[in-house]
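Report on the following structure.
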Amino acid sequence: MTVKTVKYEIENITDFSLKDTLECGQCFRFYEDDKGGYTGVVGKSVIRAFFCEEEGTLVIEESGEEKGREFYEEYFDLKRDYGKIKKYLINKDKKMKEVIEYGKGIHILKQEPFETLISFIISQNNHIKRIKKSIKMLSEEFGEEIKDGSTEKHYAFPEPKKLASLAVGDLSDIKLGYRDKYIIEAAKRVEAIGEEEFKKYRDKCFTETKSYLEGFLGVGEKVAGCVLLFGFNMMAGFPIDVWMKRIMRELYGVSIEDRKTMEEISIKLYGKYKGVAQQYLFNYAMKKKIM
DNA sequence: GCCCAGGAGAAGG
DNA sequence: CCTTCTCATGGG
C-alpha cells in the first residue's frame, strides 16, 4: 500500500524556531531526528517538520489526514507578530531580555483541546520525560494507527469516546499512577457534551472557560492554565508550576508559595501577553535549571 | 536508595 | 479561608 504524503512550504517566517517551540515543554508528541527535523502526531496526521533558519522556511511533510497549509499556519501560530510581543515585554521589564534570549523562537502552539487536557492531567507532579512516554503508550494502546509509511508506527491520540469507555484497570499497564481515574472521568465529561462542544470553549470568555476546566476532577489552577494557553489559545493563561515559582522568586523576590503576588506581577509586567511571557520564563528556568 | 517532577483532592482546622 | 497529608511512578 502506498502512503500519500503532502508537502507544505511556508516561507518568510521570522521570530520562530521549531526547536524552541517544540522543546519548551508545551507539547509532548514530537521527537527530534538526527537531521534537526521533528516528527510527531498532530490529530490524525503524522508530520515531519523542518525549519530552515536562514531562509525562514518551514517545511512540513504530512501523511494521514490532509489538513492543509492553513491548519499548520494556525497550529504553529505563524501569523502572530512575536517580534512585537517580545519588544512589548522587554520594554515593560528589562529582565525579560535575557529570559527571552533563551527561547526567542518560541511560539505558542494551538493544540487539540482534548489531547491538551488529558496530557496536562498526566503532567501533574510528573517529569516531562515520563509524561511523553505515558502519552505515547496511551496512544499506542487506545489510539488509531496512522499509516505514514515509516517503519515506526504512529498512533493518534485516543478519542474521548474510547477513553470514556475504559475502567481504571484498563490503564494499569500504562502506569499513570493515581491519575488514571482523572483521565477516564475527564473523557466521560467531554464525551457527554461532545468533543465539538468542548472545542467551542475556545471562543468563550477566559474566566468562563477557566472555571469550566477547573470543574474537572484532577484539574486545578495550574493544569487549567496550561489547557487555556496551549489548547484554547488564550494568552491570558498563566500556569504557575515549580519552575515558574523559582524563576519568579529569582527575578522578583516573590515567596515560593505566594501565587497571588505572582499573578499580580504577571498582569502588571506582562499585560495581555502574560501567556507568552510565562512560556519564555518557564523555558528559561528549565534550561538554566534555576533552583 | 533518595529526591523530585509543568499538582490536586481530601481532611481537618 | 488556610495548612497538611496523601496520592504512583520512574528519571536522574
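Throughout, a chain's letter reflects where its sequence line sits, starting with A, and its residues are numbered from 1.
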Exercise. Please state the P separation for the pair B:dG6 and C:dT6 - nearest whole angstrom.
Key: 24 Å
Quiz item: Do A:E140 and A:K136 meet the salt-bridge criterion of a basic N to acidic O distance under 4.0 Å?
Solution: yes
Practice problem: Give me the ring orientation class for A:Y102 and A:Y284: parallel if the planes are under 30° apart, tilted from 30 to 60°, perpendicular past 60°. | Solution: perpendicular
Practice problem: Select base, sugar-phosphate, or nothing to describe what A:E214 touches, counting heavy atoms under 4.0 Å on all strands. | Solution: nothing
Quiz prompt | Boundaries of the DNA chain B segment in contact with chain A, non-hydrogen, under 4.0 Å | solution = B:dC4 to B:dG9
Quiz item: When all nucleic acid strands are considered with a 4.0 Å heavy-atom cut-off, which category describes A:K129: base, sugar-phosphate, or nothing?
Solution: sugar-phosphate
Quiz item: Is any side-chain N of the basic residue among A:K79 and A:E70 closer than 4.0 Å to the acidic one's carboxylate O?
Solution: yes
Quiz item: Can you say whether the rings of A:F76 and A:F16 are parallel (under 30°), tilted (30 to 60°) or perpendicular (over 60°)?
Solution: perpendicular
Quiz item: On DNA chain B, nearest-nucleotide positions of A:C226 versus A:V219: which is more 5'?
Solution: A:C226
Exercise. Please name all residues satisfying salt bridge (Lys or Arg N to Asp or Glu O under 4.0 Å) with A:R246, sequence neighbours left out, ordered by chain then number.
Key: none
Quiz item: Under a 4.5 Å cut-off applied to non-hydrogen side-chain atoms, are A:C24 and A:F282 in contact?
Solution: no
Exercise. Evaluate the ring planes of A:Y75 and A:F30, with Trp represented by its six-membered ring, and classify them as parallel (under 30°), tilted (30 to 60°) or perpendicular (over 60°).
Key: tilted
Quiz item: Salt bridge between A:K19 and A:E32, side-chain N to carboxylate O under 4.0 Å?
Solution: yes
Quiz item: For the side chain of A:D33 and the backbone of A:G36, is there at least one donor-acceptor N/O pair under 3.5 Å apart?
Solution: yes
Quiz prompt | N-O pairing of A:E264 and A:K268 below 4.0 Å | solution = no
Quiz item: Among residues 100-116 of chain A, which contact DNA chain B at a heavy-atom distance under 4.0 Å?
Solution: none
Practice problem: Using a cut-off of strictly less than 4.0 Å between a heavy atom of the residue and any atom of DNA chain B, enumerate the qualifying residues of residues 18-33 of chain A by number. | Solution: A:C24, A:G25, A:Q26
Quiz item: Between A:R130 (side chain) and A:H127 (backbone), is there a donor-acceptor pair under 3.5 Å?
Solution: no
Quiz item: Looking at residues 252-277 of chain A, who's got a heavy atom less than 4.0 Å off DNA chain B?
Solution: none
Quiz prompt | A:Y182 or A:H127, whichever maps to the more 5' nucleotide of DNA chain C | solution = A:Y182
Practice problem: Determine, for A:E112 against A:K199, whether the closest basic-nitrogen to carboxylate-oxygen distance falls under 4.0 angstrom. | Solution: yes
Practice problem: For residues A:M291 and A:W243, determine if any side-chain heavy atom of one lies less than 4.5 Å from a side-chain heavy atom of the other. | Solution: yes
Quiz item: What class does the angle between the rings of A:Y72 and A:Y8 fall in, given that below 30° is parallel, 30 to 60° is tilted and above 60° is perpendicular?
Solution: tilted
Exercise. For C:dA8 versus B:dA11, give the span between their P atoms, rounded off to a whole number of Å.
Key: 15 Å
Quiz item: Taking any atom under 4.0 angstrom from a heavy atom of chain A, which nucleotides of DNA chain C are the first and last to qualify, 5' to 3'?
Solution: C:dC7 to C:dG12
Quiz prompt | Heavy-atom side-chain contact between A:P158 and A:S139 under 4.5 Å | solution = yes
Quiz item: With a 4.5 Å limit on heavy-atom distance, are the side chains of A:V227 and A:I121 in contact?
Solution: no
